[in-house]
Undergrad: 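I'd like to ask you about the structure that follows.
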Amino acid sequence: LINQIQIASGALVNWLNIENTLAGSILVNQTRARLESAAQFRHHVICPSRGFVRNNLDVHISGKGAHADLFGLSLGIGNSHCDHHSFVHHEVENCSSNQLYKGIYASKSTGVFNGKILVDQEAQKTNAYQSGRNILLSPDARVFAKPQLEIFADDVKCSHGATIGQLEEEPLFYLRSRGLDLATARLLLVRAFASEILMELGNESLREFAENLAIARLDEMTRSL
């Protein structure tokens, strides 16, 4: 799938991809957005796919005062694979961007987060942030993360990072000491982890739909451990 988005001055675009594909399927998304002055772009991708998914997202911020938010949530199960490759290009001054991608992987699923921020020399006073956070529920699950910054301006605020870990034992112990079984305790923790992405969906009906889909998948993931 190829999506080309041109966001005019002062316009706001909310873009949501829900990639709930079947095992054995292959889906490749190429999305390119260009923002003019004071434009806003909010991109969400929810990936509970059982197949192979790759998302290529290029965002070019070419107008002053523009802002882009990029959010992603991957829920890996079985032998599924989900790639997120993001590129945000700050071409002019006084613009901002924020990227937050989260992944929860069980069974033998794999995930990739490869994000890059490029700040041109003319793009002074840029604020650009990027974070990838991942939880592995299985010793056979794998995640590969590569956050990148390339900055040619000197008056900017930029940061990037990535984390990969497992569920912490202390909160699990606390929940189990309150009478919850292990699967339910795990479900509550991963739901809390995923909720930061889901709550960014501004449309109530879409948020409810995405939350129900995510909760069902997370319940399946945690009870299969």
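These figures come from a predicted structure and were not determined experimentally.
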Undergrad: Look at atom CD of Gln148 and say whether more than 12 heavy atoms of other residues, nucleotides or ligands are closer to it than 6.0 Å.
TA: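 Count over threshold, so yes.
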Undergrad: Please report the C-alpha distance between Lys108 and Asp140 in whole Å, then the side-chain angles of each, then the deciding distance to 0.1 Å, and finally whether the salt bridge (charged side-chain N to carboxylate O under 4.0 Å, His left out) criterion is met.
TA: CA-CA 5 Å; Lys108 296 183 178 180; Asp140 296 319; 5.6 Å; no
Undergrad: So, Asp120 and His89: side-chain donor and acceptor under 3.5 Å apart, yes or no?
TA: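 A pair is found: one side chain offers a donor N or O, the other an acceptor, under 3.5 Å apart.
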Undergrad: Please answer whether the main-chain N or O of Glu200 pairs with a side-chain N or O of His44 as donor and acceptor at a distance below 3.5 Å.
TA: yes
Undergrad: Taking atom CD1 of Ile117 and atom CG of Leu149, what is their separation to the nearest 0.5 Å?
TA: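 Rounded to the nearest 0.5 Å, the CD1-CG separation comes out at 5.0 Å.
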Undergrad: Should we count CD of Gln4 as having more than 12 external heavy atoms under 6.0 Å?
TA: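 For Gln4, atom CD is crowded (more than 12 foreign heavy atoms under 6.0 Å).
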Undergrad: Please check if atom CD in Glu208 has more than 12 non-hydrogen atoms from other residues, nucleotides or ligands closer than 6.0 Å.
TA: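 Counting other residues, nucleotides and ligands, CD of Glu208 stays at 12 neighbours or fewer.
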Undergrad: Do we see a donor-acceptor contact under 3.5 Å between the side chains of Thr31 and Asn3?
TA: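 There is such a pair (donor and acceptor under 3.5 Å, judged by atom type) between the side chains of Thr31 and Asn3.
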Undergrad: Would you say Glu19 and Asn55 are linked by a side-chain donor-acceptor pair, where the criterion is simply a distance under 3.5 Å?
TA: yes
Undergrad: Between Gln124 and Asp155 (side chain of the first, backbone of the second, donor and acceptor by atom type, cut-off under 3.5 Å), is there such a pair?
TA: yes
Undergrad: Is the closest side-chain donor-acceptor distance between Arg207 and Ser205 under 3.5 Å?
TA: no
Undergrad: To the nearest 0.5 Å, what is the distance between CG on Asn94 and NZ on Lys64?
TA: 7.0 Å
Undergrad: Quick one: do Arg34 and Ile7 satisfy side chain to side chain contact (heavy atoms under 4.5 Å, CB included)? Show the steps, please.
TA: CA-CA 6 Å; Arg34 181 169 295 277; Ile7 307 176; over 6 Å; no
Undergrad: For the atom pair CG (Asp58) and NE2 (His85), what is the distance rounded to the nearest 0.5 Å?
TA: 11.5 Å
Undergrad: Are the side chain of Thr222 and the backbone N or O of Leu218 linked by a donor-acceptor pair below 3.5 Å?
TA: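 Flag set: sc Thr222 to bb Leu218 pair under 3.5 Å.
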Undergrad: Can Glu93 and Thr126 be counted as having a side-chain donor-acceptor contact under 3.5 angstrom?
TA: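 No.
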Undergrad: Check whether any side-chain heavy atom of Ser97 sits under 4.5 Å from a side-chain heavy atom of Ile61, and report yes or no.
TA: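 With C-beta onward as the side chain, the pair touches.
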Undergrad: Decide if atom OH of Tyr129 counts as having more than 12 heavy atoms of other residues, nucleotides or ligands within a radius under 6.0 Å.
TA: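 It does: Tyr129 OH has more than 12 such atoms within range.
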Undergrad: Looking at Ser224 and Glu220, would you say the former's side chain and the latter's main chain have a donor-acceptor pair under 3.5 Å?
TA: yes
Undergrad: Any luck finding a side-chain donor-acceptor pair between Ser74 and His84 under 3.5 Å?
TA: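 Yes, side-chain donor-acceptor contact under 3.5 Å.
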Undergrad: Within the 3.5 Å criterion, strictly below it, is a donor on Ser9 or Ser37 matched to an acceptor on the partner's side chain?
TA: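 The answer is yes; a qualifying pair exists.
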Undergrad: Using a 3.5 Å distance criterion without hydrogens, assess whether the side chain of Ser86 forms a donor-acceptor pair with backbone atoms of Leu57.
TA: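 Side chain of Ser86 to backbone of Leu57, a donor-acceptor pair under 3.5 Å: no, none is there.
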Undergrad: Do Asn98 and Gln130 have side-chain atoms, one donor and one acceptor, less than 3.5 Å apart?
TA: no
Undergrad: Kindly indicate whether a cation-pi arrangement holds for Lys102 with Phe193, taking the cut-offs as under 6.0 Å to the six-membered ring centre and within 45° of the axis.
TA: yes
Undergrad: So, using side chain to side chain donor-acceptor pair (under 3.5 Å) as the criterion, who are the partners of His81 when residues are at least two apart?
TA: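 Side chain to side chain donor-acceptor pair (under 3.5 Å) list for His81, sorted by chain: Asp83, Thr110.
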